[in-house]
Amino acid sequence: MTVRTRYAPSPTGEPHLGNMRTALFSWLLARHYGGQFFLRIEDTDQARYVESGIEAQMEALHWLGLTWDEGPDVGGPYAPYTQSERLETYREHAQKLIAGDHAYLCYCSPERLEEVRKAQQARKEPPRYDRHCRDLSPEERRAAEAQGSRPVVRFKTPLDGETVAHDVLRGSVVFQNETLDDFVLLKSDGYPTYHLAAQVDDHLMGTTHVLRGEEWLPSVPRHFLVYQAFGWEPPVFAHLSRILGPDRSKLSKRHGAHAALDYREQGYLPDAVVNFLALLGWSLDDHTEIIDRETLIRHFDLDRVLTNPAVFNAEKLLWMNGVYIREMPDDRLADDAAPFLGRHLGRPVDRELLMGIIPLVKERIKLLGEIVDMADFFFTDGELEYDVEALLGKRYAGDPAAALKALEAATERLEAVDGWEHEKLESAVRPLAEELGVKTGELFGVLRVAVTGKTATPPLFETMEILARERTLDRLRSARERLQAQSTHAK
RNA sequence: GCCCCCGUCGUCUAGAGGCCCAGGACGCCACCCUUUCAAGGUGGAGAUCGCGGGUUCGAAUCCCGCCGGGGGCACCA
């Protein structure tokens with residue numbers, strides 16, 4: 001049997017990280033067994049439909065590299081893959097259930113349902129449909145129809161007995177039928193509910209494994225009942241636990257980024273996010289953390305999936321992203337980081353220059369976007385912006401004249417260097433520290449701020465080498481001028 | 001109120017009766033390396049395995065009860 005899994009989002013908003021993990025696990029399962037993974041759009045709620053929803057879902061999958069074999073955009077043997085285009089199928093199936101005495105037409109108005117619910121709540125009873133229309137006589141039915149109300153189709157849930165639902169991860173879960181009610185299958189607008197549409201489609205489309213969020217667990221007996229009524233074999237269900245925020249409530253906007261694509265904006269790498277998400281509720285063994293896609297596919301299976309909810313550990317994701325950045329080939333890092341710099345500078349970046357910088361920043365950034373703060377000074381011309389205090393540092397605080405002397409001496413030696421390789425620059429300047437009676441770091445610190453405008457930068461001399469002679473000396477001159485002004489001012 | 005799920009270091013997890021007075025990872029602390037920042041290396045703190053009863057020679061692992069957390073109870077998915 002080939003494994004067929006699917007990701008079936010409803011286009012009601014931004015794809016969530018939790019959704020993406022469900023998609024990832026489904027995708028991994030299909031890929032592991034050499035089966036198919038398909039995309040289905042569950043747009044059966046006209047009220048909550050969001051125009052950009054489908055696009056956003058596909059974009060998030062695409063970003064993470066979760067390729068689908070069949071879907072609304074690429075078609076496939078079970079097209080259409082958009083539920084709003086399959087209304088006739090659901091109507092036929094609802095009809096079948098009615099014919100088989102598994103469903104019935106219900107004429108109750110929303111107002112009446114609301115009243116019933118209120119009364120039940122007042123009596124502290126569970127809110128449930130009171131089955132008012134379950135056994136209407138033909139006359140009553142005609143009367144209701146004459147009133148012109150548009151009926152819904154409800155499932156005729158067995159009044160007693162129990163329904164055993166199976167979940168591969170949790171085993172069998174038993175539900176007493178009397179705790180269930182007659183849920184709606186087809187709404188009065190002709191659209192199906194999830195309870196009908198998803199089961200019909202999963203069966204018709206040959207889904208073998210349904211992975212979904214655990215919020216579906218309470219309604220899983222309904223789905224088993226539907227399969228039973230149709231006489232179909234249900235697929236394997238696996239209810240994945242939730243992803244929680246640091247406060248153990250469900251992950252949401254309050255916890256910062258929860259929308260998958262926000263992570264792209266922040267400079268996370270899809271491979272890192274996939275790796276991280278895979279480890280939320282699944283593990284390879286007792287020690288492996290960094291796992292590439294191939295390995296993930298090779299080892300992923302449901303038997304190591306956990307059912308307990310996982311708190312989203314943002315620091316670990318950040319760390320992992322750093323690992324992936326460090327392991328990335330330079331040219332690919334340049335490709336991915338360029339847009340971040342470009343956006344900041346307001347112009348495209350010089351590729352050759354960027355390639356020179358990559359080795360210097362690679363092990364210092366954990367997010368692509370951090371390259372901006374780390375390396376923007378390589379791309380700017382003109383005066384740097386920084387505080388003279390930063391230039392003086394701890395050593396020369398309050399003594400700009402001494403700093404100026406040091407800077408002059410250093411500049412002199414740099415100017416005398418034949419060539420501009422960092423090794424030469426370093427051996428020209430390093431001895432100076434001792435001669436001046438200051439620590440190496442203290443002298444280098446002044447040069448660092450002068451040349452970059454920052455106190456935390458890539459290695460000083462390699463930075464100078466890339467900056468090239470002219471720009472380095474320009475910046476040193478500017479720094480001397482500032483110190484000059486400062487010391488005159490002090491006197 | 002009713003129904004369902006879950007419970008190992010702060011967090012992600014390993015663990016399927018003895019290998020565990022519980023292993024790895026992130027984070028944290030210290031030291032080393034060092035021109036800053038990182039990266040890297042070494043070491044450390046950190047879990048009465050939610051609690052209480054059993055079963056067993058022996059339980060994180062099996063059983064029962066309790067507590068705690070989460071989810072669901074729509075003509076939403």
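Please read these numbers as outputs of a predicted model, since none were measured by experiment. Protein chains get the first letters and strands the later ones, always in sequence-line order, with residue 1 at the start of each.
Across all strands shown, the partner of B:rG65 is B:rC51, judged by Watson-Crick or G-U wobble contacts whose two distances both fall under 3.5 Å.
Note: A:W282 and A:F300 meet the aromatic proximity criterion, with ring centroids under 6.0 Å apart.
B:rA25 and B:rG44: their P atoms are spaced 12 Å apart (whole Å). Separating the C1' atom of B:rU13 from that of B:rG71 is a span of 23 Å, rounded to the nearest Å. Annotation: B:rG50 and B:rC6 have their P atoms spaced 14 Å apart (nearest Å). For B:rC51 and B:rG69, the P atoms lie 16 Å apart once the distance is rounded to whole Å. The separation of B:rC26 from B:rA39, taken at their P atoms, amounts to 11 Å, rounded to a whole angstrom. The C1' atoms of B:rU11 and B:rG7 are separated by 15 Å, rounded to the nearest whole Å. B:rC3 and B:rA59 have their P atoms separated by 34 Å, given to the nearest Å. For the C1' atoms, the distance linking B:rU8 with B:rU61 amounts to 11 Å, nearest Å.
Note on A:G213: nothing from the nucleic acid sits closer than 4.0 angstrom, heavy atoms only. Among the heavy atoms of the strands lying under 4.0 Å from A:F175 are primed sugar atoms or P, OP1, OP2 only; no base atom is included.
Tested against A:D182 for a side-chain hydrogen bond (donor to acceptor under 3.5 Å, both in side chains), the candidates A:R154, A:H132, A:K156, A:R131 yield a single pass: A:R131.
If you measure from atom CD1 of A:I291 to atom P of B:rU13, you get 13 Å, rounded to the nearest angstrom. We find that CG of A:L306 is positioned 14 Å from C1' of B:rU11, with the value rounded to whole Å. Put simply, CD1 on A:I290 is 13 Å from C1' on B:rG24, counting in whole angstrom units. Whole-Å rounding puts the A:K316 NZ to B:rG10 C1' distance at 13 Å. We find that CG of A:D167 is positioned 13 Å from C1' of B:rC6, with the value rounded to whole Å. Spacing between atom CZ of A:R170 and atom P of B:rC5 amounts to 8 Å, rounded to whole angstrom units. Distance A:L277 CG to B:rA25 P: 22 Å, rounded to the nearest Å. When rounded to the nearest whole Å, the span between CD of A:E289 and P of B:rA14 equals 11 Å.
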With B for base contact, S for sugar-phosphate-only contact and - for none (protein heavy atoms under 4.0 Å), nucleotides 28-49 of chain B reads -------BBBBSS---------

Once base and sugar-phosphate atoms are separated, protein heavy atoms under 4.0 Å mark nucleotides 66-77 of chain B, 5' to 3', with B, S and - as ----SBSSSBBB

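Ring geometry, A:W216 versus A:H223: the interplanar angle falls from 30° to 60°, so the pair is classed tilted. Ring planes of A:H102 and A:F155: parallel class, angle under 30° (limits at 30 and 60°). Relative orientation of the A:H203 and A:Y227 rings is perpendicular, given thresholds of 30° and 60° on the angle between their planes.
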Give the C-alpha distance, both sets of side-chain angles, the deciding distance and a yes or no for salt bridge (Lys or Arg N to Asp or Glu O under 4.0 Å) between A:E214 and A:R170. CA-CA 11 Å; A:E214 71 175 343; A:R170 303 163 202 257; 3.6 Å; yes

Under the criterion salt bridge (Lys or Arg N to Asp or Glu O under 4.0 Å), I'd like the reasoning laid out for A:E114 against A:R117: C-alpha separation, chi angles, the key distance, then a yes or no. CA-CA 5 Å; A:E114 186 55 33; A:R117 238 190 312 271; 3.4 Å; yes

From CA spacing to verdict: ring pair (Phe, Tyr, Trp, His ring centres under 6.0 Å), A:F444, A:F461: CA-CA 9 Å; A:F444 288 10; A:F461 299 102; 5.0 Å; yes

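Residue A:E408 qualifies as enclosed at atom CD: its count of foreign heavy atoms under 6.0 Å is above 12.
Each of A:D285 and A:L217 was assigned the nucleotide of RNA chain B with the nearest heavy atom; the assignment lying further toward the 5' end belongs to A:L217.
A:T457 and A:R448 share a donor-acceptor pair across their side chains, judged by distance under 3.5 Å alone.
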